[in-house]
Number of protein chains: 2
Amino acid sequence: MKVLAEQPISENADQELARFAKALGHPTRLQILQLLDSQACCFTGDLVEVIPAAQSTISQHLKELKNAGLIQGEINPPRVKYCINKENWRKAKLLFTAFFEE
Amino acid sequence: MKVLAEQPISENADQELARFAKALGHPTRLQILQLLDSQACCFTGDLVEVIPAAQSTISQHLKELKNAGLIQGEINPPRVKYCINKENWRKAKLLFTAFFEE
DNA sequence: ATCGTTTATCGTAGATTTGCGATGAATCAA
DNA sequence: TTGATTCATCGCAAATCTACGATAAACGAT
């Protein structure tokens with residue numbers, strides 16, 4: 001059986017923040033997140049039209065963002081609609097805010 | 001002539017934020033930043049005592065944080081005193097805040 | 001000049017990341 | 001069933017990251 005949301009079982013704040021930060025550590029991934037956050041959601045193809053990279057490359061970045069928990073994909077054949085994972089987005093925001101205000 | 005603060009000449013917000021995020025994307029570097037921010041500053045040796053990694057490894061992480069512009073080192077022979085780079089720390093905080101609140 | 005202390009850098013090995021084209025999987029339409 | 005569409009995954013190469021021990025560099029003290 002395939003686990004859908006594959007996040008580590010136990011993780012301290014540092015590890016979680018590092019995981020989020022790492023996912024944000026690439027301009028293309030930032031651009032994807034900004035696009036997903038400005039519009040409600042969008043399909044992979046929409047991103048491919050806007051972002052100057054191969055389809056496979058964008059798909060790979062989407063996978064990493066999904067593994068980091070920052071986005072989620074909903075199958076909508078033959079397309080996949082991606083959205084921000086609001087719960088983790090909020091969690092990331094809190095972690096970053098706390099980090100910079102300690 | 002050696003340039004001390006080696007940041008790219010021109011960089012858009014995405015690239016800069018990605019650079020900061022990438023530097024934050026490792027637990028050890030987060031720990032270093034937290035230590036530097038809690039105390040005013042400290043020497044490399046102080047970090048080596050607290051963080052479970054080899055001296056050369058920590059020195060390397062310090063270098064990356066310095067290259068990202070998040071910290072700065074002041075030579076105090078035979079030691080080096082590291083501090084948060086407050087200007088860029090503030091800049092990073094603003095970029096992250098803006099990113100999560102757009 | 002030599003020694004001890006502190007830190008950076010070098011060299012290396014293994015792991016991970018990045019990017020791409022090619023291919024595969026899933027689905028709908030004809 | 002055959003195509004067409006959309007997207008993920010595979011396989012690969014190059015680059016970067018990570019960690020470490022060993023060594024070098026800088027300096028004060030003796």
Side-chain angles (χ1 to χ4, degrees), chain A residues 2-6 8 14-15 17-33 35-36 39 41-68 70-83, chain B residues 2-6 8 14-15 17-33 35-36 39 41-68 70-83:
Chain A
K2 192 76 173 300
V3 176
L4 291 182
E6 41 199 305
D14 261 16
Q15 287 171 332
L17 180 53
R19 182 164 55 83
F20 287 139
K22 193 174 178 183
L24 298 183
H26 193 289
T28 298
R29 290 196 289 270
L30 287 180
Q31 198 180 349
I32 290 172
L33 289 170
L35 288 167
L36 289 183
Q39 310 164 38
C41 298
C42 66
F43 300 113
T44 306
D46 300 333
L47 299 171
V48 174
E49 284 180 9
V50 175
I51 297 171
Q55 179 263 324
S56 61
T57 301
I58 291 172
S59 197
Q60 207 168 323
H61 283 305
L62 286 169
K63 186 181 180 183
E64 286 179 46
L65 288 171
K66 202 168 54 181
N67 285 342
L70 289 172
I71 66 173
Q72 56 200 172
E74 181 189 322
I75 296 176
N76 200 332
R79 313 191 201 175
V80 177
K81 189 173 67 175
Y82 281 103
C83 310
Chain B
K2 193 77 172 300
V3 177
L4 290 183
E6 42 198 305
D14 261 17
Q15 288 171 332
L17 180 52
R19 183 164 55 83
F20 287 139
K22 193 174 178 184
L24 298 183
H26 193 289
T28 298
R29 291 197 287 271
L30 288 180
Q31 198 180 350
I32 290 173
L33 289 170
L35 289 167
L36 289 183
Q39 310 165 37
C41 297
C42 66
F43 299 113
T44 306
D46 300 334
L47 299 170
V48 174
E49 283 179 9
V50 175
I51 298 169
Q55 179 264 322
S56 60
T57 302
I58 292 173
S59 196
Q60 209 169 323
H61 283 305
L62 286 169
K63 186 180 178 182
E64 285 179 48
L65 289 172
K66 202 167 54 179
N67 285 342
L70 290 172
I71 66 173
Q72 56 200 172
E74 180 190 322
I75 297 177
N76 200 333
R79 312 191 202 173
V80 177
K81 189 173 69 176
Y82 281 102
C83 310

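Just so we're clear, the structure is a prediction, and the values are computed from it rather than from any experiment. Naming convention: chains lettered A, B, ... in sequence-line order (proteins, then strands); numbering from 1 in each chain.
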Measuring from L62(B):CG to I32(B):CD1, what's the distance to the nearest 0.5 Å? 4.5 Å
Could you give the NZ-to-P distance, from K63(B) to dT18(D), as a whole number of Å? 13 Å
Taking only side-chain nitrogens and oxygens of K22(B), does any of them come within less than 4.0 Å of OP1 or OP2 of dC17(D)? yes
Specify the separation, in whole Å, of atom NZ of K81(A) and atom C1' of dC7(D). 16 Å
Pairwise distance NZ(K22(B)) to CD(Q15(B)) - rounded to 0.5 angstrom: 12.0 Å
In terms of heavy-atom contacts, T28(B) and I51(B) come closest through CG2-CG2, 4.0 Å
Going by side chain to side chain contact (heavy atoms under 4.5 Å, CB included), name the residues that satisfy it together with T57(B), two or more places apart in sequence or in a different chain. A53(B), A54(B), H61(B)
Taking only side-chain N and O atoms of R29(A), does any of them lie within less than 4.0 angstrom of OP1 or OP2 on dT18(C)? yes
Round to a whole Å and report the spacing from OH of Y82(A) to P of dC7(D). 9 Å
Euclidean distance, atom CG of residue N76(B) to atom P of dC27(D) [Å, nearest integer]: 12 Å
In whole angstroms, the gap separating P of dC7(D) from CD1 of I32(A) amounts to 13 Å
Mind checking side chain to side chain contact (heavy atoms under 4.5 Å, CB included) for K63(B) and listing every partner two or more places apart, or none if nothing turns up? N67(B)
Please state how far atom CG in L62(A) lies from atom P in dC7(D), giving the value in whole angstrom units. 10 Å
Give the rounded distance in Å between these two atoms: CZ of R79(A) and P of dT6(D). 6 Å
Expected list for residues 42-49 of chain B near DNA chain C, using heavy atoms below 4.0 Å, is F43(B), T44(B), G45(B)
How many angstroms lie between CG in L36(A) and OH in Y82(A), if you round to the nearest 0.5 Å? 9.5 Å
Could I get the full list of side chain to side chain contact (heavy atoms under 4.5 Å, CB included) partners for S59(B), not counting sequence neighbours? Q55(B)
Quick check: closest heavy atoms across A68(A) and A23(A), and the distance to 0.1 Å? CB-CB, 3.5 Å
Rounded to the Å, how far apart are L30(B) CG and dT18(D) P? 12 Å
Return a single string for nucleotides 19-30 of chain C, one symbol per nucleotide in 5' to 3' order, where B is base contact, S is sugar-phosphate-only contact and - is none, cutoff 4.0 angstrom on heavy atoms. BBBB----S---
Residues in side-chain hydrogen bond (donor to acceptor under 3.5 Å, both in side chains) with H26(B), at least two apart? none
